[in-house]
Number of protein chains: 2
Amino acid sequence: MFKLSKKADYGLIAVKHLAMHRQEHACSANEIADEYGISVTLMAKVLQRLAREGVVVAKHGSTGGYQLAKDPGQVSALDVISAIDGPVLITSCVTSHGNCETTERCSVREPLRRVNESILGVLSTVTIAQMSEDTNERALVALSGPMRSGSHMSSS
Amino acid sequence: MFKLSKKADYGLIAVKHLAMHRQEHACSANEIADEYGISVTLMAKVLQRLAREGVVVAKHGSTGGYQLAKDPGQVSALDVISAIDGPVLITSCVTSHGNCETTERCSVREPLRRVNESILGVLSTVTIAQMSEDTNERALVALSGPMRSGSHMSSS
DNA sequence: GCAAGTCCGACTAAATTAGTCTTATTATAA
DNA sequence: TTATAATAAGACTAATTTAGTCGGACTTGC
């Protein structure tokens, strides 16, 4: 399809959570997973991947957990997504070395490469800090009423 | 991941081919698949999907084949992709009715929805006509030399 | 030193996607 | 009218990707 993997999704949730508890203690995978009703082991897996890629830092031991490695304003959604899923490429053809078997005859490659860069641009623009701000707004709205339908129509 | 499906890829190739042979006879699935070295049956499957969605029109019979339903300038990459893969949604949460189990607690939904719309915007901007133009440029360049590496660095 | 709690990496299972095969339908051409 | 060449559609298999699990290693605190 054209979808973010669930892991990347969880990764964004986790990183956002860490951003909002930045000044406090390190958050364990257990704590985060519990808060959002996600499988603990799966969340742990996502976090350790983020740690390996340097997005978060892990602290071992009984009081351990994870913390953001950088300032929330310095971490983009693209950083998180590509840390978990690898480089964002909308087609296999787009990769630097990648030539699919259709190679020279395939003329959609160049236009798609341009589209790919646009998407990278969008994703790298959005920072964790922005996503956290947005959360606060929504939380306030949620307090004033349930607000189910309406207010968001997708342009299909 | 975050990748276009192969079928969508093939769909774009096929539609582009049809755009470039617009004034001529209808192109059969066999002809297109052969030209790009793709499995005939798979290409047929992709084309019949595009026909069902109204992107191309099918002509039965011995001199039959496929033709573009609209002007190449009126068909966007998004039209082709969503015809084959369904609506483009970067997360399952983004859908109109869709509430993942994390529902209210998940605060990444709104920011991601915005990102999703940006991507839709990019994809709907690119038309088949543009992609065909681009092809012609590349063909000319290909004549003057192999040109392998260089000229495109991805921002990773 | 010992125990509790955490991270880490390899492994297995499930779901999605890619691709194939077969049969039916349609329209042209002889 | 009959043969031929094309699309249409569905079931089916295989491969890849993604989701989720398990046991081991490490660090802290008692």
Side-chain angles (χ1 to χ4, degrees), chain A residues 1-11 13-14 18 25-34 36-67 69 81 83-92 100-102, chain B residues 1-11 13-14 18 25-34 36-67 69 81 83-86 89-92 100-102:
Chain A
M1 287 268 261
F2 198 72
K3 216 167 57 177
L4 233 50
S5 74
K6 236 175 187 177
K7 286 183 191 170
D9 226 343
Y10 291 167
I13 292 175
L18 292 178
H25 63 99
C27 301
S28 71
N30 209 312
E31 175 190 335
I32 301 178
D34 215 53
Y36 300 97
I38 299 170
S39 157
V40 177
T41 50
L42 184 53
M43 178 55 89
K45 200 186 174 99
V46 169
L47 281 165
Q48 73 190 245
R49 189 82 171 250
L50 288 171
R52 204 191 323 167
E53 299 294 325
V55 176
V56 303
V57 286
K59 191 184 169 195
H60 284 237
S62 56
T63 61
Y66 294 93
Q67 277 178 313
I81 293 169
I84 295 173
D85 282 343
V88 171
L89 302 167
I90 62 173
T91 59
S92 352
C100 52
E101 62 267 23
T102 326
Chain B
M1 285 266 260
F2 198 72
K3 215 165 59 175
L4 233 48
S5 75
K6 241 174 185 176
K7 284 184 191 170
D9 225 343
Y10 292 167
I13 292 175
L18 292 177
H25 63 98
C27 301
S28 72
N30 210 310
E31 175 190 334
I32 301 177
D34 215 54
Y36 300 97
I38 298 170
S39 156
V40 177
T41 50
L42 184 55
M43 178 55 88
K45 206 184 172 101
V46 169
L47 280 164
Q48 70 189 247
R49 188 81 172 251
L50 288 172
R52 205 190 322 168
E53 298 293 327
V55 177
V56 302
V57 286
K59 193 183 168 195
H60 284 236
S62 57
T63 60
Y66 294 92
Q67 278 179 312
I81 293 168
I84 295 174
D85 283 342
L89 303 167
I90 63 172
T91 58
S92 353
C100 51
E101 62 265 24
T102 325

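Every chain is numbered from 1 and lettered A, B, ... according to where its sequence line falls, protein lines coming before strand lines.
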Pick the nucleotide of DNA chain C nearest each of A:R52 and A:G64; which residue has the one closer to the 5' end? A:G64
To the nearest 0.5 Å, what is the distance between [atom1] ([X]) and [atom2] ([Y])?
X: B:L47; Y: B:S28; atom1: CG; atom2: OG; answer: 9.0 Å
X: B:S39; Y: B:Y10; atom1: OG; atom2: OH; answer: 8.0 Å
X: A:K7; Y: A:L50; atom1: NZ; atom2: CG; answer: 11.5 Å
X: A:Q67; Y: A:K59; atom1: CD; atom2: NZ; answer: 7.0 Å

pair A:I32-A:L18: side-chain heavy atoms closer than 4.5 Å: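 The answer is yes; the side chains approach within 4.5 Å.
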Taking all atoms of both residues into account, what is the closest heavy-atom pair of B:G11 and B:V46, and its distance? CA-CG1, 3.6 Å
To the nearest Å, give me how far apart [atom1] ([X]) and [atom2] ([N]) are.
X: B:I84; N: C:dT17; atom1: CD1; atom2: C1'; answer: 14 Å
X: A:R49; N: D:dT18; atom1: CZ; atom2: P; answer: 10 Å
X: A:M43; N: C:dT6; atom1: CE; atom2: C1'; answer: 16 Å
X: B:Q48; N: D:dA11; atom1: CD; atom2: P; answer: 13 Å
X: B:Q67; N: D:dT7; atom1: CD; atom2: C1'; answer: 14 Å

How would you label the contact of A:A44 with the nucleic acid (heavy atoms, under 4.0 Å): base, sugar-phosphate, or nothing?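 Since no nucleic acid heavy atom lies under 4.0 Å of A:A44, the category is nothing.
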When every nucleotide of nucleotides 19-29 of chain D is labelled 5' to 3' by its protein contacts under 4.0 Å (heavy atoms), B for base, S for sugar-phosphate only, - for none, what sequence of letters results? BBB-----BBS
